[in-house]
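Report on the following structure.
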Amino acid sequence: MSGLVTLARWEMIILLGGLAAIVFFKLLTGGIKLSGLLSGDRQDGSSGFSPGRAQLLVFTVLVALNYLIEVIHNPSPTSLPGMSPTIVGALGGSQALYLGGKAWSLLRRNQG
Amino acid sequence: MNSKVNGMYLSAVVVAVIGAIIVASPWVPGDPAAKLKLAVGYALLILVFMFGLAILIAIVQDKINISGLLEEMDGGASMSRFQLLIFTFVIALSLFLVVVAKNDFPIIPPEILTLLGISASTYAVSKGIQMSSQSPALGLTLTPTTLGPLAGGAALPATAFSVTLVNAPAGTPTPALTWSLDAPAHGTLTPQPPNAAVYTPDAAAPAGTKVTIRVQAAGFLDGTAVVTY
């Protein structure tokens, strides 16, 4: 049975790791387009740098990295590490800010 | 390409079956019931691995195109898709690391489910905002939309059809219109610029005949009206 478990472990390492590596490689080499990631719509209909998107990117990367580090140092034998409600709330606020900015720019554009 | 893909799947099944036969073979010691469980387990693992590998290879070779994974309809990358991608990978990878370390499925804390929920909801709401920002399609409508039933056999009066622009901002000039009949034998259509045409019915058209008048313009959805005899 241990052989089966070892095989399953290596299989998932290859498949999940492979998928992550391919997506990451394509992100780096332009195979998956990232142009315009930080650009938002302005009131006049043109596009430019969006602070709302930038703050969401920073929050996302920080929270994701923080959680990965916590998992690597996971002290619990039975569960994934939890996350502070403050961090979840902050991330929710960040996402709400991004969505609010997007909705506001749409509203202003429609009024203008 | 299909034959190559089928060959790959076929070879995956063959390898899985061979693996199962080897595990279940009489020269491998052990209880037959346990060996059967192991054989099925190995066969499924091999099958899943080969199918997964085939998908990864297809992605690498661009037979499965993921270049638009983060793309919005306007061509730019989407921040909401990007954050959903990052959180999905991080949670999946974390779950895998914990399962590998403990050999058991861990309890998932509610904060993590909330995090994934927030992330996915942001994507959904962003999509909704984007869809609502799309301008409605421009179109043409004809007035009247129907005519008839017309009684054949006698001289029938000509009828004018006029065009109205739909979803166009006030003051939009009438575009160049192209008028047509789907049954040119039944009547004639005389354009009256800028926005009308006169239809002269066919007095000899049999009862039950239907003729569709169509008006077209570049960038607008067609307008139609139906004449019934």
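Just so it is clear, the model here is predicted, and its values are computed rather than measured.
- By the 4.5 Å heavy-atom criterion applied to side chains, V60(B) and F25(A) are not counted as neighbours.
- Atom NZ of K35(B) has more than 12 heavy atoms from other residues, nucleotides or ligands within 6.0 Å.
- To the nearest 0.5 Å, atoms CG (L4(A)) and NZ (K37(B)) are separated by 11.5 Å.
- If you take OG on S79(A) and CG on D104(B), they are separated by 11.0 Å, rounding to the nearest 0.5 Å.
- For the pair I86(B) and A64(A), the tightest heavy-atom approach, listed with the atom from each and the gap, is CG2-CB, 3.6 Å.
- Side-chain contact of Q95(A) with T122(B): a donor-acceptor pair under 3.5 Å is present, judged by distance alone.
- In terms of heavy atoms, L56(B) sits closest to L15(A) at CD1-O, 3.8 Å.
- Heavy atoms of E71(B) lying under 4.5 Å from chain A belong exclusively to its side chain.
- Put simply, the side chain of L19(A) reaches to within 4.5 Å of the side chain of I59(B), judged on heavy atoms.
- Side chains of F89(B) and V23(A) form a contact here, defined as non-hydrogen atoms less than 4.5 Å apart.
- Within the model, atoms CG of L95(B) and CG of L16(A) stand 9.5 Å from one another, a figure rounded to the nearest 0.5 Å.
- A pairwise comparison of heavy atoms in F96(B) and R9(A) identifies CZ-O, 3.7 Å as the closest pair.
- Residue with the most contacts toward chain A among L85(B), I112(B), V99(B): I112(B) (heavy-atom pairs, distance under 4.5 Å).
- The line from CE of M12(A) to CG of L45(B) is 10.5 Å long, rounded to the nearest 0.5 Å.
- In this structure, E11(A) and V48(B) approach most closely via the heavy-atom pair OE2-CG1, 3.3 Å.
- Looking at L27(A), only its side chain comes within 4.5 Å of chain B, counting heavy atoms on both sides.
- Of the two parts of K33(A), the backbone and the side chain both hold a non-hydrogen atom closer than 4.5 Å to a non-hydrogen atom of chain B.
- The shortest heavy-atom contact between L68(A) and S94(B) is CD2-OG, 3.9 Å.
- Only the side chain of Y98(A) comes within less than 4.5 Å of a heavy atom in chain B; its backbone stays farther off.
- For L65(A), no part lies near chain B; criterion is any non-hydrogen pair under 4.5 Å.
- Here the CD atom belonging to E72(B) is positioned 10.0 Å from the CG atom belonging to L37(A), to the nearest 0.5 angstrom.
- Of the listed residues (G68(B), S119(B), S80(B)), the greatest number of heavy-atom pairs within a distance under 4.5 Å of chain A belongs to S80(B).
- The candidate with the highest count of non-hydrogen atom pairs below 4.5 Å against chain B, out of I32(A), I87(A), V61(A), I72(A), is I32(A).
- In terms of non-hydrogen atom pairs under 4.5 Å with chain B, the most contact-rich of L99(A), I22(A), L56(A) is L99(A).
- With rounding to the nearest 0.5 angstrom, the CE atom of M79(B) is 7.0 Å from the CG atom of L38(A).
- Note on L97(B), I66(B), L69(B): by heavy-atom pairs under 4.5 Å with chain A, the leading option is I66(B).
- Taking 4.5 Å as the limit, some side-chain heavy atom of K26(A) sits within range of a side-chain heavy atom of D62(B).
- Counting only residues at least two apart or on different chains, the ring-ring contact (aromatic ring centres under 6.0 Å, His included) pairs with a member in residues 51-86 of chain B are Y9(B)-F51(B).
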